[in-house]
Chemist: 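Handing you a structure now.
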Amino acid sequence: MIKTSFETLQEAFTKEANPQQAQKMAAYMKNNFDFYGVPAGPRRLIYKDLLKAHKKEQKIDWQLLDQAWSSPKRELHYFVCDYLRAMQKWLRYDHIPKLLTYATSNQWWDSIDHFDHILGGIEDSRMNEFMLTLSQSDDFWLRRLAIDHQLGKKDKTNTSLLAQIILNNLGSTEFFINKAIGWSLRDYSKTNPDWVRHFINKHLTELAPLSIREASKYI
């Protein structure tokens, strides 16, 4: 019987599993997920050739991703994130509903911090409005995604969009939101410190101390 790509992945991870390391990794993630105990480097080696082959084919295997995302093992969720980032140039606006099925389940900061890049990397004129909508979601993880979706864009950062998304989240008491606001500002401060300094001063009484502390690291 021919094995599926998912079965092959599972077998490879099982072979590399380290129960002691798995306990430590689970504890670091507040025991929200089960782990095989495979660190990032060896984990990516397991599916390096698979990603290479799929990039050559220029075709996303959504069935494989669905199977991996349905697994209780966190390394297989990381595989989905790495796969989507590797296939970024073939992601389209029409894929957003599928991507959101992942971003709205198995949620924690480690997966969301992949999906801000994955969704943020989709080139489409409708994305700005979409991110504004996410920034007001009842799901704070999706708001975090929107806040940080321009990380690394440097001088291509849409500052009016960044400002409005942050303004939509001022007053939050959620740690992961206020941390994300600080990160988004800190990242852009490497490109335009004057803009960030002005934004902080303008909203000094509204920004959480954590956001100000993170945003001010390089200015």
Chemist: Taking Ser211 for its side chain and Leu207 for its backbone only, find out whether a donor-acceptor pair lies under 3.5 Å.
Modeler: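 Absent.
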Chemist: So, does Lys153 use its side chain to make a donor-acceptor pair with the main chain of Gly120 at under 3.5 Å?
Modeler: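 Judged by distance alone, yes, a pair lies under 3.5 Å.
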Chemist: Does a salt bridge link Arg74 with Asp110, judged by any charged N lying under 4.0 Å from a carboxylate O?
Modeler: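 Salt bridge present between Arg74 and Asp110.
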Chemist: Could Lys98 and Asp66 be called an ion pair, given the rule that one side-chain N must be under 4.0 Å from one carboxylate O?
Modeler: yes
Chemist: Just wondering, do Leu185 and Glu214 contact through their side chains at under 4.5 Å, heavy atoms?
Modeler: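 Contact flag for Glu214/Leu185 side chains = no.
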Chemist: Centres of the Trp108 and Trp141 rings: under 6.0 Å?
Modeler: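 Distance test on ring centres: under 6.0 Å, yes.
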Chemist: Could you tell me whether the side chain of Leu76 reaches within less than 4.5 Å of the side chain of Phe6, counting heavy atoms only?
Modeler: yes
Chemist: Strictly by modelled atom types, are Asn158 and Ser160 linked by a side-chain donor-acceptor pair under 3.5 Å?
Modeler: yes
Chemist: Taking all heavy atoms of Leu145 and all of Ala103, pick out the closest pair and write down the distance.
Modeler: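 Scanning both residues completely, I find the closest heavy atoms to be CD1-CB, 4.3 Å.
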Chemist: Quick check: do Ser111 and Asn106 have side-chain heavy atoms less than 4.5 Å from each other?
Modeler: no
Chemist: Between Trp90 and His95, is the ring-ring contact (aromatic ring centres under 6.0 Å, His included) condition met? List the steps.
Modeler: CA-CA 10 Å; Trp90 294 286; His95 292 136; over 10 Å; no
Chemist: According to the interplanar angle, ranging from 0 to 90°, do the rings of Phe35 and Tyr78 count as parallel (below 30°), tilted (30 to 60°) or perpendicular (above 60°)?
Modeler: tilted
Chemist: Looking only at atom types and distance, does a side-chain atom of Ser71 sit under 3.5 Å from a main-chain N or O of Lys73, one as donor and one as acceptor?
Modeler: yes
Chemist: Is a side-chain donor or acceptor of Asn169 paired with a backbone partner of Ile165 at a separation under 3.5 angstrom?
Modeler: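 Yes, the answer is positive, given that a donor and an acceptor are paired below the 3.5 Å cut-off.
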Chemist: Report, one line per pair, each donor and acceptor closer than 3.5 Å where one atom sits in a side chain of residues 46-55; sequence neighbours left out.
Modeler:
| unit_1 | atom_1 | unit_2 | atom_2 | d |
| --- | --- | --- | --- | --- |
| Tyr47 | OH | Arg43 | NE | 3.0 |
| Tyr47 | OH | Asp82 | OD2 | 2.5 |
| His54 | ND1 | Tyr83 | OH | 2.6 |

Chemist: Taking the six-membered ring of Phe176 (Phe, Tyr or Trp), confirm whether the NZ or CZ of Arg144 is under 6.0 Å from its centre and within 45° of its axis.
Modeler: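 Judged by the rule (NZ or CZ under 6.0 Å from the ring centre, within 45° of its axis), Arg144 is not positioned above Phe176.
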Chemist: Listed by chain and number, what are the ring pair (Phe, Tyr, Trp, His ring centres under 6.0 Å) partners of Phe140, not counting sequence neighbours?
Modeler: none
Chemist: In terms of side-chain heavy atoms, does Ser216 have a donor or acceptor partner in Arg197 at a distance below 3.5 Å?
Modeler: no
Chemist: Closest approach of Met25 and Gly37, non-hydrogen atoms and distance?
Modeler: SD-CA, 3.5 Å
Chemist: Between Val196 and Tyr218, is there a side-chain heavy-atom distance shorter than 4.5 Å?
Modeler: no
Chemist: Would the distance check show the side chain of Thr133 and the main-chain N or O of Glu129 forming a donor-acceptor pair, the cut-off being under 3.5 Å?
Modeler: yes
Chemist: Could you tell me the separation between the NZ atom of Lys24 and the CG atom of Asn18, rounded to the nearest 0.5 Å?
Modeler: 8.0 Å
Chemist: Within the supplied structure, the quantity of interest is the number of heavy atoms (other residues, nucleotides, ligands) at a distance under 6.0 Å from Glu57 CD; does it exceed 12?
Modeler: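 For Glu57, atom CD is crowded (more than 12 foreign heavy atoms under 6.0 Å).
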Chemist: Within the distance-only criterion (no hydrogens, no angle test), does the side chain of Asn178 pair as donor or acceptor with the backbone N or O of Leu210 below 3.5 angstrom?
Modeler: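 It does not hold such a pair.
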Chemist: Could you label the plane-to-plane angle of the Tyr102 and Phe115 rings as parallel, tilted or perpendicular, counting under 30° as parallel and over 60° as perpendicular?
Modeler: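 Rings of Tyr102 and Phe115: tilted, as their planes differ by 30° to 60°.
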Chemist: Count I, L, V, M, F, W, Y as connected when their side-chain heavy atoms are under 4.5 Å apart, and connections chain through other members. Are Met127 and Leu132 then in the same cluster?
Modeler: yes
Chemist: Do Ile147 and Ser135 touch side chain to side chain, with heavy atoms closer than 4.5 Å?
Modeler: no
Chemist: Can you confirm whether Gln63 is buried at CD, in the sense that more than 12 heavy atoms of other residues, nucleotides or ligands lie under 6.0 Å from that atom?
Modeler: no
Chemist: More than 12 non-hydrogen atoms from neighbouring residues, nucleotides or ligands closer than 6.0 Å to CD on Gln136, yes or no?
Modeler: yes
Chemist: Specify the closest pair of heavy atoms between Asp113 and His117, including all atoms of both residues, with the distance to one decimal.
Modeler: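 Asp113 and His117 have their closest heavy atoms at O-CD2, 3.3 Å.
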Chemist: Do His77 side-chain atoms and Ser70 backbone N/O form a donor-acceptor pair below 3.5 Å?
Modeler: no
Chemist: Kindly give the heavy-atom pair with the smallest separation between Leu91 and Ile60, and that separation in Å.
Modeler: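 That closest heavy-atom pairing would be CD2-CD1, 3.5 Å.
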Chemist: Salt bridge or not between Asp94 and Arg92? Use side-chain N to carboxylate O under 4.0 Å.
Modeler: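 Judged by the 4.0 Å cut-off on N to carboxylate O distance, Asp94 and Arg92 do not form a salt bridge.
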Chemist: Find the distance between CZ (Phe79) and CZ (Phe13) and round it off to the nearest 0.5 Å.
Modeler: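 So the CZ of Phe79 and the CZ of Phe13 are separated by 8.0 Å.
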Chemist: Are side-chain heavy atoms of Tyr188 and Thr159 found at a separation under 4.5 Å?
Modeler: yes
Chemist: Are Phe199 and Trp183 linked, directly or through other ILVMFWY residues, by side chains that come within less than 4.5 angstrom of each other?
Modeler: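 No.
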Chemist: In terms of hydrophobic clustering (I, L, V, M, F, W, Y; side-chain heavy atoms under 4.5 Å; direct or indirect links), are Leu134 and Leu151 co-clustered?
Modeler: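 Different clusters.
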Chemist: Can you confirm whether the side chains of Gln107 and Asn32 place a donor and an acceptor under 3.5 Å from each other?
Modeler: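 Per modelled atom types, Gln107 and Asn32 side chains form no pair under 3.5 Å.
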Chemist: So, Glu75 side chain and Tyr36 main chain: donor-acceptor pair closer than 3.5 Å or not?
Modeler: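 Looks like yes, one N/O pair under 3.5 Å.
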Chemist: Enter the distance from His149:NE2 to Ile118:CD1 here, rounded to the nearest 0.5 Å.
Modeler: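 The distance works out to 14.0 Å.
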Chemist: What closest approach, in Å, do Ser189 and Ile219 show between heavy atoms, and which atom pair accounts for it?
Modeler: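 Scanning both residues, the minimum pair turns out to be CB-CG2, 3.7 Å.
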Chemist: Restricting to non-hydrogen atoms, name the atom on Met131 and the atom on Ala146 that form the minimum distance, rounded to 0.1 Å.
Modeler: O-CB, 3.5 Å
Chemist: Tell me whether Phe33 is reachable from Trp109 by hopping between hydrophobic residues (I, L, V, M, F, W, Y) whose side-chain heavy atoms are closer than 4.5 Å.
Modeler: yes
Chemist: Taking atom types as modelled, is there a side-chain donor on Gln164 or Asn168 under 3.5 Å from an acceptor on the other?
Modeler: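 Checked: Gln164/Asn168 side chains pair up, N/O donor to acceptor below 3.5 Å.
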Chemist: Nearest 0.5 angstrom please: Leu167 CG to Glu206 CD, how far?
Modeler: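 That separation rounds to 7.0 Å.
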